[in-house]
Amino acid sequence: MSSNERGFFRNIDWITILLYLCLCTIGWFNIHAAVYDEEHRSMVDLSTNYGKQFVFIAVSLVMAMVILLLDYRFFSALAPPFYIVTVLLLILVLVVGRNVGGNQAWISLGGGFRLQPSEFAKLSTVLLLAKYLSGTNVKITDTESFFITAGIIILPMALIMLQPDTGSTLVFFSLIFVLYREGLSPYFLIIIALSATLFILSLLVNQWLLVAGIAVIGALLVFFNLRNRKFIFGLLVWIVGSLGFVLAVKPLYSNVLQSHQRARIDELLGITFDPRGAGYNVNQSKIAIGSGQLWGKGYLQGTQTKYSFVPEQSTDFIFCTVGEEWGFVGSSVVIGLYLFLLLRVIQIAERQHMAFSRIYGYGVASIIFFHVLINIAMTIGLMPVIGIPLPFISYGGSSLISFTSLLFILLKLDSNRTGYTY
């Protein structure tokens, strides 16, 4: 074996690969449990979801190996054309896409297999974002750079929203953490947090009481800072913006969001209570997870799982199977694996010498973190159901291949951080 080959294998982060393999294996077994069929017991039966997932895992592993064998510079060069291709696919899916569950998000490939372009749009956006922000004289604090960056993120978001796939659209907001790491003012994070708070309050509280409260707080802040003109100007802009936002929430809420999306949010906030309607999925999910208690009911022993009380249990609600059959201990192990993976990805990102690799690494961490947080939170009733997969565990070829590519591109970039160009 040559010195370059030894260097290549020595610099691959095998701990991250082990975490990846653990999560994929957990996913495969839980998909088997979620949709188990006595007539199709084999885990590689291609007529079942768990058989297809086996194929997806195999394809993903081949894809991972190919990525590790490519030159690391290929991914920077790939970013613009790959982004263009995914944008074209997002447009194509609006024309010829297959509608599943109210979302026209899939292109049929035949043989029961489908392609979901929105999954690959996350990867292409992170790649192009890393390429652009790592360019010479590009600073996120410059107005031109900021708007170009925003355009890179917003274009796929807008096309995905037309499907309409709200869950996948919201994932792109997680890239704000990448921009913050690269120098974006923390005020943007504060604005997002305040907007989310005002949105919730606008649905729970009479809007005129909320308007009065904002006006009073604003007036007091102005009174105590009369000598600071710059602060007062910024405060007045915030007050006017907040008032306009509060008054716009209910009209937008009623006319932009679909009825089932409003029903899920109303159920979450306690505005309505409909355990047999809008709240059915989450209610059954919490029953399944809670019934697992400490150690779980055992593999293939979950009654909520076996009798299909929870819809979409092999995809969006796969964590229910973990909770019911593996209990609190098993659920904690899965969450611990994700936490370890995220910390590892951030560590990898921070040790990069190239800006492209560092920015890309934070993009990977942001996308995975958002998916894990929202997916698990919605299964236990802390977030509305928005339909996004649990990385490496939920059933789906597009999702698994996309997340595998996302992670292994980072591992390839990391393997060359000390100068190897295998």
Side-chain angles (χ1 to χ4, degrees), residues 15-31 34 53 57 60 116 118-119 121-123 125-126 165-178 181 196 268 281-282 285-286 288-289 292 310 312-324 326 328-349 360-396 398-408 410-411:
I15 293 177
T16 302
I17 291 179
L18 179 61
L19 291 170
Y20 163 79
L21 293 174
C22 286
L23 289 169
C24 287
T25 303
I26 289 170
W28 185 29
F29 276 88
N30 278 279
I31 291 167
Q53 189 71 6
I57 292 173
S60 296
Q116 188 175 6
S118 60
E119 291 296 332
K122 301 166 191 175
L123 170 59
T125 301
V126 172
D165 185 352
T166 307
S168 294
T169 302
L170 292 175
V171 172
F172 287 83
F173 279 107
S174 67
L175 296 177
I176 190 71
F177 296 114
V178 180
R181 172 62 181 82
L268 175 69
N281 287 11
V282 174
S285 172
K286 290 192 289 186
I289 294 172
V310 183
E312 309 298 336
Q313 196 157 344
S314 65
T315 53
D316 299 341
F317 284 88
I318 190 69
F319 191 73
C320 300
T321 308
V322 177
E324 183 176 26
W326 298 15
F328 177 79
V329 173
S331 300
S332 298
V333 169
V334 170
I335 293 173
L337 288 172
Y338 277 122
L339 181 60
F340 192 8
L341 176 63
L342 284 167
L343 291 174
R344 194 71 183 175
V345 169
I346 292 172
Q347 182 185 19
I348 290 172
Y360 178 80
Y362 270 93
V364 174
S366 298
I367 295 292
I368 294 177
F369 169 74
F370 187 90
H371 270 265
V372 173
L373 176 67
I374 300 302
N375 182 279
I376 293 178
M378 75 181 188
T379 62
I380 58 178
L382 296 180
M383 290 291 291
V385 178
I386 59 174
I388 60 174
L390 191 59
F392 313 114
I393 290 183
S394 290
Y395 170 77
S398 295
S399 171
L400 181 58
I401 294 171
S402 173
F403 276 114
T404 298
S405 301
L406 197 70
L407 183 62
F408 275 81
L410 176 62
L411 294 181

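Because the structure is a prediction, the values reported are computed rather than measured. Only this structure's heavy atoms are used, side chains among them; waters, hydrogens and symmetry mates stay out.
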**Message:** Please find the pair of heavy atoms, one from Ile346 and one from Ala365, that lie closest to each other, and give the distance.
**Reply:** CG1-CB, 4.0 Å

**Message:** To the nearest 0.5 Å, what is the distance between CG on Leu342 and OG on Ser366?
**Reply:** 9.5 Å

**Prompt:** If every non-hydrogen atom of Ile386 is compared with every non-hydrogen atom of Ile374, which pair is closest and at what distance?
**Reply:** CD1-CG2, 3.4 Å

**Request:** Give every residue pair that meets the side chain to side chain donor-acceptor pair (under 3.5 Å) criterion with at least one member in residues 16-25, sequence neighbours excluded.
**Result:** Asp13-Thr16, Tyr20-Thr404

**Message:** If you define the side chain from C-beta out and look only at heavy atoms, does anything of Leu406 sit under 4.5 Å from Ser402?
**Reply:** no

**Asked** What is the distance from atom CG of Asn375 to atom CD1 of Ile318, rounded to the nearest 0.5 Å?
**Response** 9.5 Å

**Prompt:** Would a 4.5 Å heavy-atom cut-off, applied to side chains only, mark Leu341 and Leu337 as touching?
**Reply:** no

**Message:** Contact between Leu170 and Ile388 at the side-chain level, heavy atoms closer than 4.5 Å - yes or no?
**Reply:** no

**Request:** For residues Ile367 and Leu175, determine if any side-chain heavy atom of one lies less than 4.5 Å from a side-chain heavy atom of the other.
**Result:** yes

**Prompt:** Less than 4.5 Å apart, any side-chain heavy atom of Val385 and any of Phe317?
**Reply:** yes

**Request:** Any chance you could measure Ile335, atom CD1, to Phe328, atom CZ, to the nearest 0.5 Å?
**Result:** 8.0 Å

**Message:** Minimum heavy-atom separation for Tyr395 and Thr315, please, with both atom names.
**Reply:** O-CG2, 3.7 Å

**Check: Phe369 and Val345 side chains under 4.5 Å, non-hydrogen atoms** = no

**Message:** Between Tyr338 and Pro391 (side chain of the first, backbone of the second, donor and acceptor by atom type, cut-off under 3.5 Å), is there such a pair?
**Reply:** yes

**Item:** Least distance between heavy atoms, Gly363 atom then Val126 atom
**Value:** CA-CG1, 3.9 Å

**Which residues share a ring pair (Phe, Tyr, Trp, His ring centres under 6.0 Å) with Phe403, sequence neighbours left out** = His371, Phe392

**Asked** What are the two closest heavy atoms between Ile57 and Cys24, and how far apart are they?
**Response** CD1-O, 3.8 Å

**Value rounded to 0.5 Å, distance of CZ in Arg344 from CG in Leu18** = 10.5 Å

**Item:** Criterion side chain to side chain contact (heavy atoms under 4.5 Å, CB included) on Ile393 and Phe319, from CA distance to verdict
**Value:** CA-CA 9 Å; Ile393 290 183; Phe319 191 73; over 6 Å; no

**Asked** Do Gln53 and Leu400 have side chains that get closer than 4.5 Å, going by heavy atoms?
**Response** yes

**Asked** Does Thr379 use its side chain to pair, donor to acceptor, with the backbone of Ile376 at less than 3.5 Å?
**Response** yes

**Asked** Between Leu343 and Gln347, does a side chain to side chain contact (heavy atoms under 4.5 Å, CB included) hold up when you go through it step by step?
**Response** CA-CA 6 Å; Leu343 291 174; Gln347 182 185 19; over 6 Å; no

**Message:** Using only atom types and a distance under 3.5 Å, with no angle test, would you say the side chain of Ser394 pairs donor to acceptor with the backbone of Pro389?
**Reply:** no

**Asked** Looking at NZ of Lys122 and CD1 of Ile368, how far apart are the two atoms once the value is rounded to the nearest 0.5 Å?
**Response** 11.0 Å

**Item:** From CG (Leu411) to CD1 (Ile15), nearest 0.5 Å
**Value:** 11.5 Å

**Request:** Return the minimal non-hydrogen interatomic distance between Ser168 and Phe172, and the atom names on each side.
**Result:** O-CD1, 3.3 Å

